[in-house]
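Here is the structure we will look at.
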Amino acid sequence: MTAIKNAIVVGGGIAGPVAALALAKAGIRAEVYEAYPRTDRSGAMLTVAPNGLAALETVGLRARVEAVGNPLHTMIMEKGNGRTLMRLPSLPGLPLSRVLYRADLFDAIRAGAEEQGIVVHDGKRLVGVEEAADGVTARFADGSSATAELLIGADGIHSTVRRLIDPEAPEPEYAGLMSFGFGDLTGAYRPGEVDEMHFAFGKRSFYGYWTQPDGSEVFFSNLPQDKPMTLAEARAVPNAEWLAKLRAAHAGDQPGERMLRAVSADELVLTGPMERMPKLPHWFRDRMVLVGDAAHAPSSSSGQGASLALESAVELAHCLRDIDALPAALATYERLRRPRVEEISEQAAKTNNGKTAGPVAKFMFGLMMPIASRTFLQPEKMFGPVHRFRVEWDAKVTA
């Protein structure tokens with residue numbers, strides 16, 4: 001027996017349509033309201049890990065996403081000069097992670113959701129809510145509204161719903177890093193294996209690179225910067241100025257220096273400041289609840305932002321399906337999700353500290369990593385608890 005019969009999902013990115021699909025599978029009708037027009041294709045590249053693919057499988061989208069993503073067999077950790085520190089193969093018995101542009105993931109999820117009957121309204125920016133004993137009404141900037149028994153905030157790290165639930169909720173934390181990328185490069189460093197992704201601890205900036213199946217190359221850099229900047233402020237800085245800073249930061253790194261010499265300012269993609277959500281006091285209030293990045297966005301260093309959002313979308317519907325009292329269903333959802341997502345977020349924050357460390361710390365890290373890789377930094381120990389996680393949809397949830 002479901003706690004509710006219908007819901008409004010605010011946010012049509014990644015978690016929102018998946019939440020609506022999972023709700024439909026649980027017998028709850030949901031429509032999605034997205035602030036931006038359908039033509040918005042912002043965002044850089046991301047990874048959907050095996051645990052995220054498992055969540056997608058629950059709602060019938062795994063094959064669609066796998067088809068548009070590049071499989072990842074091995075991650076290679078290396079020094080800025082290209083010397084290998086550690087090789088991390090994929091875990092046995094699990095599907096391969098998929099690396100893809102956020103826009104391609106968005107398109108795959110949206111198309112799959114709409115094919116399964118999910119209605120998505122674009123250009124609907126939430127500006128307020130009106131609550132009643134038996135429902136909640138969402139008010140949008142264009143003057144329209146929608147009413148349902150539950151409102152789900154899947155509206156990202158800068159969530160409007162989060163502020164409506166708790167006006168005192170903390171804001172996203174800046175990690176001290178600005179993220180940049182270059183995609184579809186050709187011949188910028190050297191031919192590489194298409195299923196290997198390289199992560200390098202450069203002298204002044206952490207970076208990564210890999211070859212795609214079409215032979216093009218992708219490069220990203222996490223540039224340390226003490227002063228926090230919004231995405232709008234960062235975009236106001238000319239690309240040529242950012243490129244000059246990146247070239248200076250990667251001077252002496254290989255292949256980082258070569259790759260940056262081979263690109264132009266027009267090819268630079270500014271992803272923006274690296275942020276994460278600190279622990280929230282409240283994930284829900286009355287008939288409003290948060291899912292995905294609105295509740296628990298880790299920094300991109302985790303490689304788990306999208307996958308955790310997908311898990312939470314499925315788990316919320318799972319709890320609403322099996323627990324007939326709404327407050328108990330929402331409390332159980334938070335109880336089941338909070339420890340896992342906060343642990344992963346804290347670990348990613350430690351990784352960010354390594355990316356901003358000075359040259360002495362990076363030197364010591366480089367000395368210790370080969371030893372650690374033969375002891376406690378083994379793939380199964382590092383990734384098993386994260387990648388092997390599943391929301392057990394067929395099992396009954398109890399409060």
- Query: Do we get Arg321 above Trp393's six-membered ring, with its NZ or CZ under 6.0 Å from the centre and within 45° of the axis?
  - Reply: yes
- Item | Passing option when Arg337 is tested against Leu308, Leu316, Thr332 for side-chain contact (heavy atoms from CB on, under 4.5 Å) | Leu308
- Query: Among the clusters formed by ILVMFWY side chains lying less than 4.5 Å apart, do Phe182 and Met259 turn up in the same one?
  - Reply: yes
- Query: Does atom CD of Glu233 have more than 12 heavy-atom neighbours, drawn from other residues, nucleotides or ligands, at distances under 6.0 Å?
  - Reply: yes
- Path from Tyr101 to Leu96 over hydrophobic side-chain contacts below 4.5 Å: no
- Message: Walk me through whether Glu78 and Arg83 qualify under salt bridge (charged side-chain N to carboxylate O under 4.0 Å, His left out).
- Response: CA-CA 5 Å; Glu78 59 191 35; Arg83 182 171 71 84; over 6 Å; no
- Salt-bridge contact Asp122-Arg110 (side-chain N to carboxylate O under 4.0 Å): yes
- Which salt bridge (Lys or Arg N to Asp or Glu O under 4.0 Å) pairs, counting each pair once, include a residue from residues 143-156, with sequence neighbours left out? none
Using a 3.5 Å cut-off and no angle test, enumerate the donor-acceptor pairs between side-chain atoms of residues 24-32 and protein atoms at least two apart in sequence or in another chain.
{"from": "Lys25", "atom 1": "NZ", "to": "Thr58", "atom 2": "O", "distance (Å)": "2.7"}
{"from": "Glu31", "atom 1": "OE1", "to": "Tyr33", "atom 2": "OH", "distance (Å)": "3.4"}
{"from": "Glu31", "atom 1": "OE1", "to": "His121", "atom 2": "NE2", "distance (Å)": "2.7"}

- Within 45° of the ring axis of Phe389 and under 6.0 Å from its six-membered ring centre, is that where the NZ or CZ of Arg340 lies? yes
- Message: One thing to verify: whether Lys124 and Asp142 come together as a salt bridge, which I'm taking to mean a side-chain N less than 4.0 angstrom from a carboxylate O.
- Response: yes
- Message: Using a strict threshold of under 4.0 Å (side-chain N to carboxylate O), is an ion pair present between Lys350 and Glu346?
- Response: no
